[in-house]
Amino acid sequence: MQVTQLEWIITLTVTIAVLIFDVVVIGRRPHEPSVRECSIYLSIYVSLAVLFGLWVWYFHGGQFGLEFFAGWLTEYSLSVDNLFIFIIIMASFNVPRQYQQQALLVGIILALIFRGIFIALGAVAINQFSWVFYIFGAFLVYTAFNLARDTSHEDDAENAVVRFARRHLQLTDKWDGLKLWVKDNGKRLMTPMFLVIVALATTDLIFALDSIPAIYGLTQEPYLVFTANVFALMGLRQLYFLLGDLLKRLVYLSQGLAFILLFIGVKLILHALHENELPFINNGEHVNVPEIPTLWSLAVIVVTLLITMVASLWKTRVSDQAAAASQEEAEPDKLGEQTR
């Protein structure tokens, strides 16, 4: 894929412009966004991503268009999983609703920075060492099994870095917007927002370690890797407020993402075997290891996400109905005890 310098300049300029717009708007008017506001912005960001994918398809070929859509959907689904952690962090630190937009924006900017660094490192590693795909693939398989087992995310807010900050820094319980520290009687005290930012930053770092190898399993083009991550993070703040309690109903999201990561991990290992031209024997003949086509990868990702959403909503609906039925059965018993 031949990406011109002009394309990189336009992409980076638009990305920075969107971030500046968000910073200026939120900085001047911190508030809890309405459903209408979130829906409008989210629709714009998703439409831009689809248009960009179609543009890549038309100007750079259908193969790269498929790679972008597969990468974007994977990164977007992983970003939705990030929202679970964001919700836990906000609840754990009792972040006031009017400050949550600001905290989320900082978290998204940090995520872009970390992912940009890992994208560059990943590109260098791939160009220098073809065997790095074995490491990426094995890491994704390991991550998939851990994600399938750990679905509660209970300890994600109070990680080791946050606990270290609590023990070694002087803190205050007073909130003051996005200020990370305040002065009280000549002493510099760290605000709760400081701990929130630390929790978001370390969470973003961990998720970047997962997401970058995942998308490199779908495309080796740094430009597509970067743009897929940018479009996946745009609108994440609005999605946080728009979905709200609906996120808690996606009970099988971790299992669905685990399957996707496992699939991409296997795809990476097969790609590494193919690149190194390691054959296997079939009926006495040497056959080169095949690769999984991008179109198949996109189909697996889409079908897995659809099954995950449908199964999650069905499960929560059945659970809600069972809980309601139990409550109805309990009410007559309570009424009978009161009359006696």
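Cluster annotation: Leu6 and Val3 are assigned to the same hydrophobic cluster (Ile/Leu/Val/Met/Phe/Trp/Tyr, side-chain heavy-atom contacts under 4.5 Å, transitive). Hydrophobic clustering of Ile, Leu, Val, Met, Phe, Trp and Tyr side chains at less than 4.5 Å, counting indirect connections, keeps Leu224 apart from Val124. Under a hydrophobic clustering in which Ile, Leu, Val, Met, Phe, Trp and Tyr are joined whenever their side-chain heavy atoms come within less than 4.5 Å, directly or via other members, Leu42 and Leu48 fall into the same cluster. In the hydrophobic clustering of this structure, Tyr41 groups with Met234; members are Ile, Leu, Val, Met, Phe, Trp, Tyr whose side-chain heavy atoms approach within less than 4.5 Å, directly or through other members. In the hydrophobic cluster analysis, where Ile, Leu, Val, Met, Phe, Trp and Tyr join through side-chain heavy atoms closer than 4.5 angstrom, Leu261 is grouped apart from Tyr142.
Between the CD1 atom of Ile16 and the OG1 atom of Thr13 there is a distance of 6.0 Å, given to the nearest 0.5 Å. Put simply, OG1 on Thr143 and CG on Leu257 are 12.0 Å apart, with the number rounded to the nearest 0.5 Å. Between Leu195 atom CG and Phe93 atom CZ the span is 5.0 Å, to the nearest 0.5 Å. A distance of 11.0 Å separates OG in Ser297 from CD1 in Ile260, rounded to the nearest 0.5 Å. Going from atom NZ of Lys267 over to atom CH2 of Trp296 covers 11.5 Å, rounded to the nearest 0.5 Å. In this structure, CD1 in Ile215 is found 10.5 Å from CG in Leu73, a value given to the nearest 0.5 Å.
Counting heavy atoms from C-beta outward, Ile264 and Leu218 have side chains that approach closer than 4.5 Å. Using a 4.5 Å cut-off on side-chain heavy atoms (C-beta onward), Thr227 and Thr15 make no contact. A heavy-atom distance below 4.5 Å is not found between the side chains of Ile212 and Phe136. Looking only at side-chain heavy atoms (C-beta outward), Pro192 and Val95 stay at 4.5 Å or farther from each other.
Closest approach of Ala228 to Gly71, counting heavy atoms only: CB-C, 4.0 Å. Considering all non-hydrogen atoms of both residues, Thr74 and Ala214 come closest at CG2-CB, 4.5 Å. Summarising the geometry of Val225 relative to Tyr216, their closest heavy-atom pair is CG2-CE2, 3.8 Å, with the distance given to 0.1 Å. Shown here for Ser77 and Leu305, the closest heavy-atom pair between the two residues is CB-CD2, 3.7 Å. Nearest approach of Pro213 to Phe139, heavy atoms of both residues: CG-CD2, 4.3 Å. The two residues Phe226 and Ile119 have their closest heavy-atom pair at CA-CD1, 3.6 Å.
Connectivity analysis of hydrophobic side chains (ILVMFWY, heavy atoms under 4.5 Å, direct or indirect) links Trp314 to Val318.
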side-chain contact (heavy atoms from CB on, under 4.5 Å) assessment of Leu140 paired with Val266: CA-CA 8 Å; Leu140 287 181; Val266 172; over 6 Å; no
Worked verdict on Tyr134 versus Leu268 for side-chain contact (heavy atoms from CB on, under 4.5 Å): CA-CA 7 Å; Tyr134 291 114; Leu268 273 171; over 6 Å; no
For a quick test of your reading: what N or O donor-acceptor pairs under 3.5 Å do the side chains of residues 306-313 make, sequence neighbours left out?
{"residue": "Thr308", "atom": "OG1", "partner": "Thr304", "partner atom": "O", "Å": "2.7"}
{"residue": "Ser312", "atom": "OG", "partner": "Val251", "partner atom": "N", "Å": "3.4"}
{"residue": "Ser312", "atom": "OG", "partner": "Tyr252", "partner atom": "N", "Å": "2.9"}
{"residue": "Ser312", "atom": "OG", "partner": "Thr308", "partner atom": "O", "Å": "2.7"}

If you look only at distance, which donor and acceptor atoms sit under 3.5 Å apart when one is on a side chain in residues 107-115 and the other is two or more places apart or in another chain?
{"residue": "Arg115", "atom": "NH1", "partner": "Glu75", "partner atom": "OE1", "Å": "3.2"}
{"residue": "Arg115", "atom": "NH1", "partner": "Asn229", "partner atom": "OD1", "Å": "2.9"}

What side-chain donor-acceptor pairs closer than 3.5 Å can you find for residues 56-66, not counting sequence neighbours?
{"residue": "His60", "atom": "NE2", "partner": "Glu7", "partner atom": "OE2", "Å": "2.8"}
{"residue": "Gln63", "atom": "NE2", "partner": "Glu67", "partner atom": "OE2", "Å": "3.1"}
{"residue": "Gln63", "atom": "NE2", "partner": "Thr294", "partner atom": "OG1", "Å": "2.8"}

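The side-chain contact (heavy atoms from CB on, under 4.5 Å) check on Ala49 picks up Trp72, Phe231, with sequence neighbours excluded. With sequence neighbours excluded, the residues that form a side-chain contact (heavy atoms from CB on, under 4.5 Å) with Ile135 are Trp131.
Residue-environment remark: CZ (Phe52) exceeds the threshold of 12 foreign heavy atoms within 6.0 Å. Counting non-hydrogen atoms of neighbouring residues, nucleotides and ligands closer than 6.0 angstrom, the CH2 atom of Trp8 exceeds 12 such neighbours.
A centroid separation of 6.0 Å or more is found between the aromatic rings of Phe194 and Trp181.
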